[in-house]
Amino acid sequence: MTKPVPNSSRFVSLGLFTLLVSVPQTLLAQVAEGSAFRVDRINALVLVLVFSTAVLLYTKWAKAGKPLYLRKIPGLDAVEEAVGRATEMGRPVLFVPGIAELDEIETIAGISILGRVAKIVAQYDTPLTVPVRYPLVLAAGQEVVEQAYIEAGKRDSYDKDTVKYVAGEQFAFTANVNGYMMRERPATNIYMGAFFAESLLLAETGNAAGSIQIAGTARPEQLPFFIAACDYTLMGEELYAASAYLSHEPIMTGGLKGQDFVKVLIVLCIIIGAALVSFGYGEWFINLFEAV
Amino acid sequence: MEQMDRRWIYLMVAIAVIIPFIVPAELPISITPEAQAVFDSVEAIPDGSNVFVVFDYYPSTIAECEPMTTTALRHFFRKNCNVITLSNIPLGGPSMAETVTRRVAEEYGKVYGEDYVNLGYKYGYVAVMTGMGSSIESIFPTDNSGTPLSELPLMDSVKNYDDIAFIFEVADNATADYWVSIVNAQYGVPMICGTTAVGAPKYYAFVASGQFLGLLGGMKGAAEYEQLVGMPDEAVRGMGAQSLVHLLIIALVALGNIGYFIIRYKQRRERI
Amino acid sequence: MRTTVPVAIAFLSGLLLVTAFFFRADTFVGGLSQELTVWLTIVGGFTLLLGVVSIVRVNWTAIQRRKEGWGYKILTILAVFAMAIPSVLSPDWSPLFGRAEGSVYDWLFQNLQMPMMATMFATLAFYIASAAYRAFRARSAEATILLITATLVMLWRVPMGEYILDQLPGDIPAFLNTYVMGGFNMAVQRGIIIGAALGAASMSLRIILGIERTYMGKG
């Protein structure tokens, strides 16, 4: 399909605009040839600066006491209730912080939520089990859980083997956790982090064991499985928002608002870009977002 | 009907999987545009080009992924392409690449070191993918069995991505995202992706944006590719079992819903 | 001190890696970031020891206390060492050592680990069937649309199902490929991916700036 031909007045203004955008771009590209700085990545730098400014500004406003609205996330509201249920039943809580390494931001999100959950668990004196797949996650998990018990004033109740390394292989890990679920029948299973093919294996076994299940992952391909087999599922960015949400601290919600602001900007860019491309004027706009 | 013991379901699935292997049936396989695009893009590569076939899958997904790599190797060897295999999966990746490539190479009388090379595995896929952009030898000084690359004639003409005409990535995990964002976006090497049926929906976006020239999704995608290459094999044979299991699941869902509506109807009548 | 030092390290490391993205690899900043990545690999290697210690301690305690299934714990510990020890010994001493073909490690991997991994993955078929039967209910208009779409896509993805679809009026497979997979599915996937990427970036920023410290057990 050929592009529509723009009329003359539009053409002139478009030409001027293209000139304004393309000339500096060409100059920058020439400068970039011999420069240590990646001028061709300047678009990413602009985005980083806008994003950082938005997060910092909203955090500052939150600190100053400006009320920031956060919508309800039912899955997170259910955490305390689910831990309470485990206490009443005298059964443990299982927390799986995903199966990825600590360099995955999803795992860090999972570990952050673990800290919040561990504090609630410590307050209720409910047993907690956290199987992990990587030693670095083990070290971080142990630190977080110990600190949560200390903050809850239950240092003596803390068992170092609450967080335990199970296996480095995906399905060996899954087999172990599934075996644990069927033997110990935890009242509550919480899955927060990066999950892959084991998502349904874990969630379906937990369902068979009669546990209340709360899951959260940013992997779109695993979401349907969690939705089918769990009681509550956090989708995508909700996982990253969970720690801030559970903290009830304004300073943390500032970060979320900053993120929302950038999301609005991106949505606007998508709408403008789609409109420009649809009318045949989008080439320069697409070039602004070129990834190199 | 609404709540059936799950063990009955497991038994039915087992029977549905086994029957087609005992009583095989020839089923017509239609071709999706994404699989056709995979075939066409490989066909478009000049004969004798250097290509990457990447084994980025764990042994657990052999059923879905191995038919893709096997057919790709047959397709490339038929075109006399020089094949370089590698893996970003430490557990089983390099040995699967070794076994599958040797087996297919024997079918075509190809010689190791001249027609194909297995680079094996190196830790840190981001560093590996980025590093090969300047020098493959700096990342893989030796092949999978420890032979220096300088002793392999094929590698004389393959120094970095400039010498690679095509990447055939088969992955059951997110490494495909990195091949797109690092190698395709930054070095412009054309590529396609073969992935599991679960992973495929995510990659339609990459096909639409032109980053993947084509896409093979799960065993059905592999069967389509086998059909296109004209060498029906494991995936085509597996279509019988997959068909029956899909139909069984649909029947179970229908059954569950019938039970659900009967109960709902009864509850309403009781209230009246 | 226990909080300040890790937060400072996180800030400096994060800042360096973000800055390095905007510099060429052969510059000082680029080199430093690559060095940092190597450090991460080394630290990761050492922490493997932590994993071995944890797995032995947890299982050994269970054996000592004769907990239910303690016999399996002995097998676990034996399996850890049976795979690990021959694989780290030099193949010069014996062809059974190392990880090449014919070694103990390779034999165990090919004949035990690989079939076990494939078996675990294959059990997904059973679980998917059971989860679909239990969860797919036409409870509302949205759930009904989801149910019908899922059924059509499942039919479309297998030859027998496609044969059934071909008997119906209209080109349903083409509709599913163009509008369901290439339309609705792609739009939703993009939405989730963009949202999750922003969430990850926001969380990273909170970590680098020391606002988010819960991953260290603080805050």
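Everything quoted here is computed from the prediction, not taken from an experiment. Proteins come first, then strands; the chains are lettered A, B, ... in the order of their sequence lines, and each starts at number 1.
- Atoms CD and OH, on C:Gln189 and B:Tyr204 in that order, are 11.0 Å from each other to the nearest 0.5 Å.
- For B:Ser95, the part lying under 4.5 angstrom from a heavy atom of chain C is the side chain only.
- Applying a 4.5 Å heavy-atom cutoff, none of the residues of residues 195-208 of chain C approach chain B.
- Options B:Met12, B:Arg264, B:Met239 differ in how many heavy-atom pairs under 4.5 Å they form with chain C, and the most are formed by B:Met239.
- If you measure heavy-atom distances from B:Glu64 to chain C, the contacts under 4.5 Å come from the side chain alone.
- If you measure heavy-atom distances from B:Phe261 to chain C, the contacts under 4.5 Å come from the side chain alone.
- For C:Phe136, the parts sitting under 4.5 Å from any heavy atom of chain B are the backbone and the side chain alike.
- Listed options C:Asp106, C:Ile192, C:Val188, C:Asn177 were ranked by heavy-atom pairs under 4.5 angstrom with chain B; first place goes to C:Asn177.
- To the nearest 0.5 Å, the span separating CG on C:Leu176 from OG1 on B:Thr32 amounts to 12.0 Å.
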- Message: Run the side-chain contact (heavy atoms from CB on, under 4.5 Å) test on C:Phe121 and C:Met117 for me, step by step, so that the C-alpha distance in whole Å, both residues' side-chain angles and the decisive distance to 0.1 Å come before the verdict.
- Response: CA-CA 6 Å; C:Phe121 189 75; C:Met117 285 166 84; over 6 Å; no
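- Per-residue counts of heavy-atom pairs under 4.5 Å with chain C were compared for B:Ala254, B:Pro59, B:Ser243; the largest is that of B:Ser243.
- The CD atom of B:Glu34 sits 15.0 Å away from the OH atom of B:Tyr203 when rounded to the nearest 0.5 Å.
- Aromatic ring centres of C:Phe184 and C:Tyr179 lie farther apart than the 6.0 Å criterion allows.
- For the pair B:Pro20/B:Leu244, a side-chain contact is recorded, criterion being any heavy-atom separation below 4.5 Å from C-beta on.
- If you measure heavy-atom distances from C:Ile164 to chain B, the contacts under 4.5 Å come from the side chain alone.
- Heavy atoms of B:Leu11 lying under 4.5 Å from chain C are absent altogether.
- With respect to B:Asp172, the side chain to side chain contact (heavy atoms under 4.5 Å, CB included) criterion is satisfied by exactly one of B:Thr61, B:Val198, B:Thr195, B:Ile62: B:Thr61.
- Expressed to the nearest 0.5 Å, how far OH of B:Tyr10 lies from OH of C:Tyr127 amounts to 5.0 Å.
- Of the atoms belonging to B:Ile9, it is side-chain heavy atoms, and not backbone ones, that fall under 4.5 Å from chain C.
- Applying the side chain to side chain contact (heavy atoms under 4.5 Å, CB included) rule to B:Glu98 yields the partners B:Arg102, B:Asn118, B:Asn144; only residues at least two apart in sequence or on another chain are considered.
- Within the 4.5 angstrom heavy-atom criterion, atoms from both the backbone and the side chain of B:Ala14 approach chain C.
- Classification of the B:Tyr161-B:Tyr187 ring pair by plane angle, with boundaries at 30° and 60°, yields tilted.
- Annotation: cation-pi geometry not satisfied between C:Arg24 and C:Phe22 (NZ/CZ under 6.0 angstrom from ring centroid, within 45° of ring axis).
- Side-chain atoms of B:Asp143 come within 3.5 Å of backbone N or O of B:Gly146 as a donor-acceptor pair.
- When each of C:Met114, C:Glu162, C:Arg190, C:Arg157 is scored by its heavy-atom pairs under 4.5 Å with chain B, the top score falls to C:Arg157.
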